[in-house]
Amino acid sequence: MSDERGQFFEQKLANLKALEEIGVNAYGKRFETTSTLEELRDGFKEGQIVKAAGRMMAYRGHGKSIFIDMKDKSSKMQLYFQKNIIGEDNFNIFKKIEIGDIIGVEGETFFTRMGEPTLKVESFTLLSKSLLPLPEKWHGLKDVEIRYRQRYLDLIVNDEVRQVFKTRSMIIKNIRNFFDSKGFLEVETPMMQSLAGGATARPFETFHNALGIPLYLRIAPELYLKRLLVGGLERVYEINRNFRNEGISRRHNPEFTMLEVYQAYADYEVMMELTETLVSELAKMVWGDTKREMKDGNVLDFTVPWKRITLTDAVKDVCSVDFLTVEDPHKAARECDIEVSPEMTRDEILTQAFESFVEGNLYQPTFITEYPASLCPLAKTIDDKPNLTARFELIVRGQELANAYSELNNPVEQRKRLMDQLDKSDDKNKRIDEDFVKALEYGMPPAGGLGIGIDRLVMALTDSDSIRDVILFPQLKPEAVDTKSENE
RNA sequence: GGGUCGCUAGCUCAUCAGGUAGAGCACCGGCCUUUUAAGCCGGUUGUGCUGGGUUCAAGUCCCGGGCGACUCACCA
């Protein structure tokens, strides 16, 4: 093999030249089709004259006739070429066309002897010659590394992968419809921020040359969306990317898509109902039902209402300890086999216990409520429980899918809570977003805010185990080796 | 970043007592005008991820490196 493109490249290139020598343009232009293959298939009738285009996926030659399978964006259909229909010259040209090539055809529909809906081709055009072999037709492409790095191959060959991304698109479209119909305004706020606020993750840093300042890719849009509440927009949402400079895993991609919603004059309980309605409607759209049996054998059930339980009770059910009131939380944690360090606060131990023992086992949609105020600086506290917040996280299939709270709109308290958080931070360069607090000082209406991780929602609704299966181009380490770092 | 596992033809996989590599599909040539994982006959295909080491001999054993999957940590 003299070329990394493989042994067949030269062969196919020779095929291409042979075609060009007899005057065939191997890279055609516009081709108007009359219907997609799916449209043809639905209510298939014999005797229709149609034009279609797509990629040749299989070839079955029979001497003076040839069957091929052609795939377009919607479906697959068998085509039939006969020497005495298209003529000897064209028939010989067609023999040079290979699996992987993209063609346009015109012909008449008919059923074969075996009852297969087929298009009897009367004329064809080569639209694009493929120079590299496709993965195998029967086993498809399984190597996940190739599937992610060369997603185009994955999409050509694996129909179920196509379907996942069509579903993803449908879900996002329906989310937009849902909020638009309720009077929400879709907005776009900065992805590049001079201060990465609204969450606690490590940001990606970049630099603006003309301004001469560092900028951060946003870790959340929250503080900007709340400025819009101050601005009187009252109901806003944004569906866009967040960037977090953290580890990559089955559930984490450095850039991921987040829906954030803010509704003035509402609270986190309104957000709960909104979430229930939205997600159960999406389930009906995708599944035709609010529940479905998953690959792991469990039936995931989004039928409303969903279970609601406080964080403390959820932990108490499993560990039999009330970490809010237990005298020595460190001791109690050790007795429950929770890994804690001496400097952890009571609140941190509580959430640690939840993450260690409860979260992973919550399969059905469950609202976990009343998170400790010390860990939620942007959430409003509960009137008679000043150390707890009016917040919920939605857990589905053992992972966080949504997060919402009654937004803190008291600027004095907001400043104090942000400062408290800053004091605990290791990073002494961090500042609080003064302009955000200033905005609150002008007056923000009480509001409910909600964030839903779109990738994880799509994972649940498409029964995907890895976030890489719902992101077209997930982040991977580059294949190319940097020679300088080679022998470290 | 740590741990475990993986990497053999374009793809899916074999070879595993260390003796210098195979099958199916794809591809090339021949036959075949309703096949559909078409069929029949013949054929080509590999720095066995990479770099060292042990050995008469390494895909196979040992060590370094790369990438990936899972997992722990960080986080959503």
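Both tests pass for A:Arg227 against the ring of A:Tyr224: distance under 6.0 Å to the centre and angle within 45° of the axis. Relative to the ring axis of A:Phe110, A:Lys120 places its NZ or CZ within 45° and under 6.0 Å from the centre.
Looking at residues 52-66 of chain A, you'll see A:Arg60, A:Gly61, A:His62, A:Gly63, A:Lys64, A:Ser65 sit with a heavy atom under 4.0 Å from some atom of RNA chain B. The stretch residues 84-100 of chain A comes close to RNA chain B through A:Asn84, A:Glu98, A:Ile99, each having a heavy atom under 4.0 Å from the strand.
Across all strands shown, A:Gly247 has heavy atoms under 4.0 Å from base atoms, whether or not it also approaches the sugar-phosphate. Among the heavy atoms of the strands lying under 4.0 Å from A:Thr200 are primed sugar atoms or P, OP1, OP2 only; no base atom is included. Backbone-only contact: A:Arg149 has heavy atoms under 4.0 Å from sugar-phosphate atoms and none from a base. Using a 4.0 Å heavy-atom distance criterion, A:Tyr148 is classed as a sugar-phosphate-only contact. Within 4.0 Å (heavy atoms only), A:Leu153 reaches no atom of the nucleic acid at all. Looking at heavy-atom distances under 4.0 Å, A:Asp465 makes no contact with the nucleic acid at all. Residue contacts shown for A:Ile146 are limited to sugar-phosphate atoms, with no base heavy atom under 4.0 Å away.
Residue A:Arg113 has its side chain nearest to B:rU35 when only B:rC13, B:rU35, B:rC25 are considered. Of all nucleotides listed (B:rG10, B:rU12, B:rU34), B:rU12 comes nearest to the side chain of A:Leu141.
Using Watson-Crick or G-U wobble geometry with both donor-acceptor distances under 3.5 Å, B:rA17 finds no partner in any strand shown. Under the Watson-Crick or G-U wobble criterion, with both distances below 3.5 Å, B:rU34 is left unpaired in every strand shown.
For A:Tyr405 and A:Tyr268, the gap between ring centers reaches or exceeds 6.0 Å.
Separating the NE2 atom of A:His139 from the P atom of B:rA23 is a distance of 16 Å, rounded to the nearest angstrom. In this entry the distance linking CD1 of A:Ile68 with C1' of B:rA37 reads 16 Å, nearest Å. Protein atom CD of A:Gln475 is 14 Å distant from nucleotide atom C1' of B:rC67, rounded to whole Å.
For A:Glu116 and B:rU34, a side-chain-to-base donor-acceptor distance below 3.5 Å is absent, hydrogens and geometry of angles not being considered.
Within the structure, every side-chain polar atom (N or O) of A:Asn245 is placed at least 4.0 Å from both OP1 and OP2 of B:rC74. Using a 4.0 Å cut-off, some side-chain N or O of A:Lys477 falls inside it from OP1 or OP2 of B:rC67. An OP1 or OP2 oxygen of B:rC70 is reached within less than 4.0 angstrom by a side-chain nitrogen or oxygen of A:Arg468. The side chain of A:Arg250 contributes no N or O atom lying less than 4.0 Å from OP1 or OP2 of B:rA69.
In this structure, A:Asp69 pairs ionically with A:Arg60, as a charged nitrogen and a carboxylate oxygen lie closer than 4.0 Å.
Under the 4.5 Å side-chain criterion, counting only non-hydrogen atoms from C-beta, A:Phe184 is in contact with A:Val261.
Judged by distance alone, the side chain of A:Arg397 and the main-chain N or O of A:Leu300 form no donor-acceptor pair under 3.5 Å. Within the 3.5 Å criterion, the main-chain N or O of A:Phe357 finds a donor-acceptor partner in the side chain of A:Asn361.
Interatomic distance, CG of A:Asn242 versus CZ of A:Phe204, reported as 11.5 Å (0.5 Å rounding).
Residues A:Gln352 and A:Ser356 have side chains that bring a donor and an acceptor to within less than 3.5 angstrom of each other.
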